[in-house]
Number of protein chains: 2
Amino acid sequence: MPTPERTSIGEIVGEAARILETGGPAAVTMQAVAGAVGVKAPSLYKRVRDREALLGLVGAAAADDLTRLLDDAGDDLGALLTAFRRFAHARPEAFRLLFTATVDADSLAATSVPVLRATAAAVGDEQALPAARLLTAWATGFLMMELAGAFRLGGDLDEAFAYGVRHLVASLVPAQDAERPAQGS
Amino acid sequence: MPTPERTSIGEIVGEAARILETGGPAAVTMQAVAGAVGVKAPSLYKRVRDREALLGLVGAAAADDLTRLLDDAGDDLGALLTAFRRFAHARPEAFRLLFTATVDADSLAATSVPVLRATAAAVGDEQALPAARLLTAWATGFLMMELAGAFRLGGDLDEAFAYGVRHLVASLVPAQDAERPAQGS
DNA sequence: ACCTGAACACCGTTCAAGT
DNA sequence: ACCTGAACACCGTTCAAGT
């Protein structure tokens with residue numbers, strides 16, 4: 001007689017994400033995750049290939065969450081980048097995992113869709129891709145460095161972030177002109 | 001009678017860095033490092049507190065190497081950022097470690113000295129700090145995303161990097177004007 | 001069809017005992 | 001003063017045996 005399922009892949013990934021954020025990657029042991037979902041470690045292998053794959057799933061789920069947050073932020077570039085930073089602050093371990101674990105490429109790519117939409121609205125389709133890359137690369141690096149404590153030379157980091165946003169958004173406006181012939185209307 | 005030293009902290013960190021780059025963080029086991037320096041694992045604890053501290057030392061050494069490379073690149077911002085990218089390509093695991101492990105704060109901070117010198121030369125002392133933060137944050141994010149395979153939408157990445165460098169450096173010039181009264185000389 | 005105990009290989013770390 | 005074997009706790013993973 002088939003044993004009833006005592007957990008699910010969704011619950012497993014969710015608990016792994018919770019443990020990750022609480023104790024860092026080292027705390028995400030198969031035994032800890034299994035215990036959190038009320039099962040023994042070997043049972044996890046019915047739903048996930050191995051620990052690395054589980055971390056990949058946690059990263060993919062985090063990417064999906066981030067995509068949703070960015071989507072909700074709309075087309076205002078400042079709001080978009082602020083939502084990005086809020087996510088990194090709220091879930092720093094998950095954020096790091098996006099660039100550390102082997103995350104499903106499609107989930108990772110989906111993250112840039114709302115950014116592309118916003119940059120297209122701001123500077124036109126022509127320059128949307130390089131503009132999106134510029135903004136996401138800068139924000140990613142800023143947050144990685146902020147989380148690593150690499151910003152040591154004085155100053156409020158909130159202000160530094162806002163400064164960067166203003167500077168970069170302003171720098172993109174000339175790129176919009178390139179879309180139209182020259183000093184277009 | 002005292003046993004002669006069979007290794008040194010420098011050799012240990014060096015071998016750990018080599019193993020890290022070859023096999024990733026998981027390959028840096030105390031046994032693997034000990035074997036590489038011709039000793040048994042317990043002996044490592046004479047020179048290093050634990051594995052996490054060893055990884056921190058590897059990160060600090062990488063930061064020192066990076067600082068030296070950036071120093072050699074001089075004050076040209078393009079050359080500086082290209083040297084940054086070359087380092088990340090040559091030693092991707094060490095580069096990631098800078099933002100992942102608990103690296104000595106001073107070693108990490110020293111990295112930004114050559115960047116500050118270069119931005120000071122380019123935009124003046126006044127704007128040197130925000131300019132340096134802007135450039136290093138962007139480069140860091142670009143490289144993190146590049147190493148993670150997060151750039152999927154077409155295009156040559158060499159070109160994309162060069163584009164970003166040009167765009168950012170150009171965007172910093174107006175900041176230089178702010179240093180002088182208005183539409184100065 | 002899912003779950004588990006037992007087992008295996010491996011890892012980080014400690015420590016008493018060697019030289 | 002450094003090195004090691006032995007030991008311990010813990011981890012990832014497999015698998016036969018349960019239900």
Side-chain angles (χ1 to χ4, degrees), chain A residues 1-61 93-94 96-97 100-104, chain B residues 1-61 93-94 96-97 100-104:
Chain A
M1 200 215 257
T3 306
E5 308 191 350
R6 231 168 279 183
T7 181
S8 66
I9 182 66
E11 191 191 13
I12 289 168
V13 171
E15 286 303 310
R18 198 182 50 73
I19 294 169
L20 171 72
E21 220 56 72
T22 304
V28 186
T29 66
M30 298 302 269
Q31 323 205 11
V33 175
V37 303
V39 110
K40 298 294 178 182
S43 296
L44 296 182
Y45 293 84
K46 282 283 159 184
R47 326 209 186 258
V48 83
R49 202 183 61 251
D50 55 20
R51 181 175 178 273
E52 189 186 338
L54 173 56
L55 288 176
L57 291 177
V58 172
E93 296 292 350
R96 256 190 284 258
L97 202 64
T100 293
T102 45
V103 177
D104 171 62
Chain B
M1 198 213 254
T3 305
E5 307 191 349
R6 231 167 279 183
T7 183
S8 66
I9 182 66
E11 191 190 14
I12 289 168
V13 172
E15 286 302 312
R18 198 181 51 73
I19 294 169
L20 171 72
E21 220 55 73
T22 304
V28 186
T29 67
M30 298 303 269
Q31 324 206 10
V33 174
V37 303
V39 108
K40 297 294 179 183
S43 296
L44 295 182
Y45 293 84
K46 282 283 159 182
R47 326 212 186 255
V48 83
R49 202 182 61 251
D50 55 17
R51 181 175 178 273
E52 187 185 338
L54 174 55
L55 287 176
L57 291 176
V58 172
E93 296 291 350
R96 255 189 285 257
L97 203 63
T100 295
T102 44
V103 177
D104 171 63

For A/Glu15, which residues count as a side chain to side chain donor-acceptor pair (under 3.5 Å) partner, sequence neighbours excluded?
A/Arg18
Note every stem involving DNA chain D: at least three consecutive Watson-Crick or G-U wobble pairs, i with j then i+1 with j-1, with both distances under 3.5 Å.
C:4-8 with D:12-16, C:12-16 with D:4-8
By salt bridge (charged side-chain N to carboxylate O under 4.0 Å, His left out) - contacts of B/Glu93 (at least two apart):
B/Arg96
Among C/dC11, D/dG5, D/dC3, which is the nearest nucleotide to the side chain of B/Thr29?
C/dC11
Quick one: what's the B/S/- string for nucleotides 13-18 of chain C, heavy-atom cutoff under 4.0 Å, read 5' to 3'?
BBB--B
Among all residues two or more places apart in sequence or in another chain, which pass the side chain to side chain donor-acceptor pair (under 3.5 Å) test with A/Asp50?
none
On the nucleotide D/dT4, are OP1 or OP2 found under 4.0 Å from the side-chain N or O atoms that B/Ser43 carries?
yes
side-chain contact (heavy atoms from CB on, under 4.5 Å) partner of A/Val13, chosen from A/Val48, A/Val37, A/Leu57, A/Val33
A/Leu57
Grab the two heavy atoms, one from B/Ala27 and one from B/Gly23, that are nearest each other, plus how far apart they are.
CB-O, 3.6 Å
What is the minimum heavy-atom distance between B/Ala60 and B/Asp104, and which atoms define it?
CB-CB, 4.4 Å
For A/Arg6 versus A/Arg47, what's the shortest heavy-atom pair and its separation?
N-NH2, 4.3 Å
Check the distance between C/dG5's P and A/Leu44's CG and give it to me in whole angstrom.
14 Å
Can you tell me how far the OG1 atom of A/Thr7 sits from the CG atom of A/Leu44, to the nearest 0.5 Å?
8.0 Å
Return no unless some side-chain N or O of B/Arg47 is found under 4.0 Å from OP1 or OP2 of D/dC3.
yes
Does anything in residues 4-17 of chain B reach DNA chain C, meaning a heavy atom under 4.0 Å, and if so which residues?
none
Interatomic distance, CG@A/Leu55 vs OG1@A/Thr100, rounded to 0.5 Å, equals 10.0 Å
Length of the line joining A/Lys40:NZ and C/dA6:P, which is rounded to integer Å
11 Å
Looking only at non-hydrogen atoms, find the nearest pair between A/Ala16 and A/Val58 and report the distance.
CB-CG2, 3.7 Å
Interatomic distance, CD1@A/Ile9 vs CG@A/Leu54, rounded to 0.5 Å, equals 7.0 Å
